[in-house]
Amino acid sequence: MSSQPTADPYLPGHGDPRFTVDHYDLEFDYAIVGNRLSGKATLTVRALADDLDTLTLDLHALKVVSVRGSRLKRHTHHGRRLALKLAEPLAAGATAKFTIAYRGVPRVVPDKVGEAGWEELEDGVIVASQPGGAPSWFPCNDRPDAKATYRIQLAAPSDYYVVANGVRTGRRRTSSQTVWTYEQREPMAPYLATVQIGRYAEHELPGARVPLSGVVAPALRSRFDDAFADQPRMMATFEKLFGPYPFASYRAVVTTDELEIPLEAQGLSVFGSNLLSRDWDAQRLIAHELAHQWFGNAVTLRTLRDIWLHEGFACYSEWLWSEAAGLETTDQRARVHWGRLSELKQDLVLGDPGVHDVFDDRVYKRGALALHAIRLTAGHATFFGLARAWVERHRYGNVTTDDFTALAGELCGPSIAALIDQWVYQEPLPPLPAA
């Protein structure tokens, strides 16, 4: 189905730019033994182009049982792409509902930027959908600028705890299962949708304005409480710097498995048990994932080429937290990392790193250094005014580097565009301004 449109050159075979989804209503029944998933997804779609006669959804490795919808003529499912042929075209702005039933063994989605999606743990499930893993467990328009609201309902064996995005609105036990229901009421990109299943218990973290909780196996509780002791203070620090936390609550889920890297989803982050530590390498990642709630989740890139707008801010937040926690200052951290980057080959374009370097560590560090350079040039108050305005103006929306440059020019002065161009679009590493 090569003729079907896709939305992002970094993720060919994902997303259809001709329509969006306003709401996903997802219902699942999951069997731990055998990793068997049965799903029913009702999508409210809205046409973005006139005469839309075919909708293309993304669904990987799962078998479509049926598709229903009053406007549906027929459907075809080849590879990862589910095409819905309409009986009558939709005009731009018109909406329609379709219900897709499906089942099978979910598998991660392989892409050139890496594989992602539904994965079995030693005893449970982790869903890490960034960047293209959402189709591993539900049919979607898999592009970050197709944000929607969600209702996620999942039935699992009653000795497992289930977490998903948003507010838990239901927990009902049947004879052999518990049915969990969550509602994500703020718009969310498909790659940020998640469920986490394990033998967990959830407990509140006191001392924060925002409801915070830990979701962790009871045997790891004391280690969790030690490692995440600063989570309320991190939240307060970032709210002061970036503005109010953009969602209803925040959960930190810790798997009993060790994980190579942590991951963020909307309203929660997931860590391996190997990060239950007070060491800086663990603490910086705890801060990093929290910061993504502002930069990446509330304000989301339009395409992957602008990933620095997520990872640069999240990495810079590590250094900001370092200073707030009484460790090395932000400037000290920045100059150490500038020195390390200066010794590497200068062949990365931050604003378009290419498919194979999207998640290269240089994107993270150079992105953070670009922000530090803006702060040193514009001044502390102006820079954090820019950070807060960035979140406030684009909350729950999608952005590009051009949007950031425009706002920076408005708030920091027109000369800042040249500085951003040096850091974002030129290969040589610019010098850091004097502190």
Side-chain angles (χ1 to χ4, degrees), residues 14 24-41 57-66 77-82 100-111 114-140 142 150-165 171-182 190-202 215-217 220 251 253-263 265 268-274:
H14 292 257
Y24 290 90
D25 194 295
L26 306 177
E27 296 183 2
F28 303 98
D29 192 298
Y30 181 63
I32 296 284
V33 178
N35 188 33
R36 304 288 303 185
L37 184 70
S38 296
K40 184 177 75 171
L57 296 166
D58 303 287
L59 184 64
H60 172 69
L62 296 165
K63 180 181 179 181
V64 174
V65 176
S66 66
H77 187 206
H78 297 293
R80 304 180 188 179
R81 307 287 269 172
L82 171 60
I100 300 110
Y102 57 99
R103 63 172 181 257
V105 177
R107 295 197 291 269
V108 294
V109 182
D111 287 296
E115 61 182 30
W118 185 289
E119 292 188 69
E120 289 183 277
L121 296 169
E122 186 174 329
D123 187 18
V125 167
I126 182 174
V127 178
S129 292
Q130 188 179 20
S136 70
W137 61 292
F138 69 101
C140 57
D142 191 27
Y150 287 71
R151 174 182 171 271
I152 301 173
Q153 177 179 292
L154 189 142
S158 291
D159 47 349
Y160 288 83
Y161 198 93
V162 175
V163 172
N165 309 92
R171 182 179 180 180
R172 174 175 53 86
R173 185 160 184 165
T174 67
S175 58
S176 61
Q177 293 181 310
T178 297
V179 181
W180 304 75
T181 305
Y182 289 82
Y191 84 85
L192 293 168
T194 191
V195 292
Q196 307 292 324
I197 306 172
R199 297 182 189 272
Y200 301 134
E202 184 168 6
V215 182
V216 61
L220 297 175
R251 292 180 171 93
V253 181
V254 179
T255 69
T256 54
D257 296 47
E258 295 189 355
L259 301 179
E260 183 178 353
I261 57 172
L263 60 106
L268 66 142
S269 298
V270 184
F271 304 85
S273 57
N274 49 310

Roughly how far, to the nearest 0.5 Å, is NE2 of His77 from NE2 of His60?
9.5 Å
Who are the side chain to side chain donor-acceptor pair (under 3.5 Å) partners of Thr178, not counting sequence neighbours?
Ser158
All heavy atoms of Arg171 vs all of Trp180, minimum pair found to be NE-CH2, 3.2 Å
By salt bridge (charged side-chain N to carboxylate O under 4.0 Å, His left out) - contacts of Arg151 (at least two apart):
Asp25, Glu27
Judged by atom type as modelled, is there a donor-acceptor pair below 3.5 Å linking the side chain of Gln196 to the main-chain atoms of Val127?
yes
Sorted by chain and residue number, the side chain to side chain donor-acceptor pair (under 3.5 Å) partners of Ser269 (sequence neighbours excluded) come out as Tyr250
Residues forming a side chain to side chain donor-acceptor pair (under 3.5 Å) with Glu202, sequence neighbours excluded:
Tyr161, Arg168, Ser213, Arg251
Excluding sequence neighbours, so at least two apart, what forms salt bridge (charged side-chain N to carboxylate O under 4.0 Å, His left out) with Glu258?
none
Start with the C-alpha gap between Gln130 and Leu263, add the side-chain angles, then the distance that decides, and say whether side chain to side chain contact (heavy atoms under 4.5 Å, CB included) holds.
CA-CA 8 Å; Gln130 188 179 20; Leu263 60 106; over 6 Å; no
Side chain to side chain contact (heavy atoms under 4.5 Å, CB included) with Thr256: which residues, sequence neighbours excluded?
Ala217, Leu220
How far apart are the C-alpha atoms of Val270 and Val163, what are their side-chain angles, what is the distance that settles it, and do they pass the side chain to side chain contact (heavy atoms under 4.5 Å, CB included) test?
CA-CA 11 Å; Val270 184; Val163 172; over 6 Å; no
Value rounded to 0.5 Å, distance of SG in Cys140 from CG in Leu59
8.0 Å
So which atom in Leu26 and which in Ala41 form the shortest heavy-atom distance, rounded to 0.1 Å?
CD2-CB, 3.5 Å
Excluding sequence neighbours, so at least two apart, what forms side chain to side chain contact (heavy atoms under 4.5 Å, CB included) with Ala155?
Asp29, Gln177, Val179
For Ile197 and Tyr200 the tightest heavy-atom approach is C-CE1, 3.9 Å
Would you call the rings of Phe138 and Tyr24 parallel, tilted or perpendicular, taking 30° and 60° as the class edges?
perpendicular
Closest non-hydrogen contact found for Pro135 with Asp58 is CG-CB, 3.5 Å
Check the pair Val109, Ser136 against side chain to side chain contact (heavy atoms under 4.5 Å, CB included), reporting the backbone distance first and the verdict last.
CA-CA 6 Å; Val109 182; Ser136 70; 3.9 Å; yes
Check side chain to side chain donor-acceptor pair (under 3.5 Å) between His14 and all other residues, then give those that pass, not counting sequence neighbours.
Arg80, Asp111, Asp142
Going by the rule side chain to side chain contact (heavy atoms under 4.5 Å, CB included), which residues pair with Ala156 if we only count those two or more places apart in sequence or in a different chain?
Leu154, Val162
Just jot down the ring pair (Phe, Tyr, Trp, His ring centres under 6.0 Å) partners of Tyr191, sequence neighbours excluded, or say none.
none
Which donor-acceptor pairs under 3.5 Å do side chains of residues 116-123 form with protein atoms, sequence neighbours excluded?
from   : atom 1 : to     : atom 2 : distance (Å)
Trp118 : NE1    : Asn35  : OD1    : 3.2
Asp123 : OD1    : Tyr160 : OH     : 2.4
Asp123 : OD2    : Arg199 : NE     : 2.5

Ala265: partners by side chain to side chain contact (heavy atoms under 4.5 Å, CB included), with sequence neighbours left out
Asn165, Thr194, Leu268
Does the pair Ile126 and Val253 meet the rule for a side chain to side chain contact (heavy atoms under 4.5 Å, CB included), with working shown?
CA-CA 10 Å; Ile126 182 174; Val253 181; over 6 Å; no
Between Gly272 and Thr255, what is the shortest heavy-atom contact and its length?
CA-OG1, 3.6 Å
So, Tyr102 side chain and Trp137 main chain: donor-acceptor pair closer than 3.5 Å or not?
yes
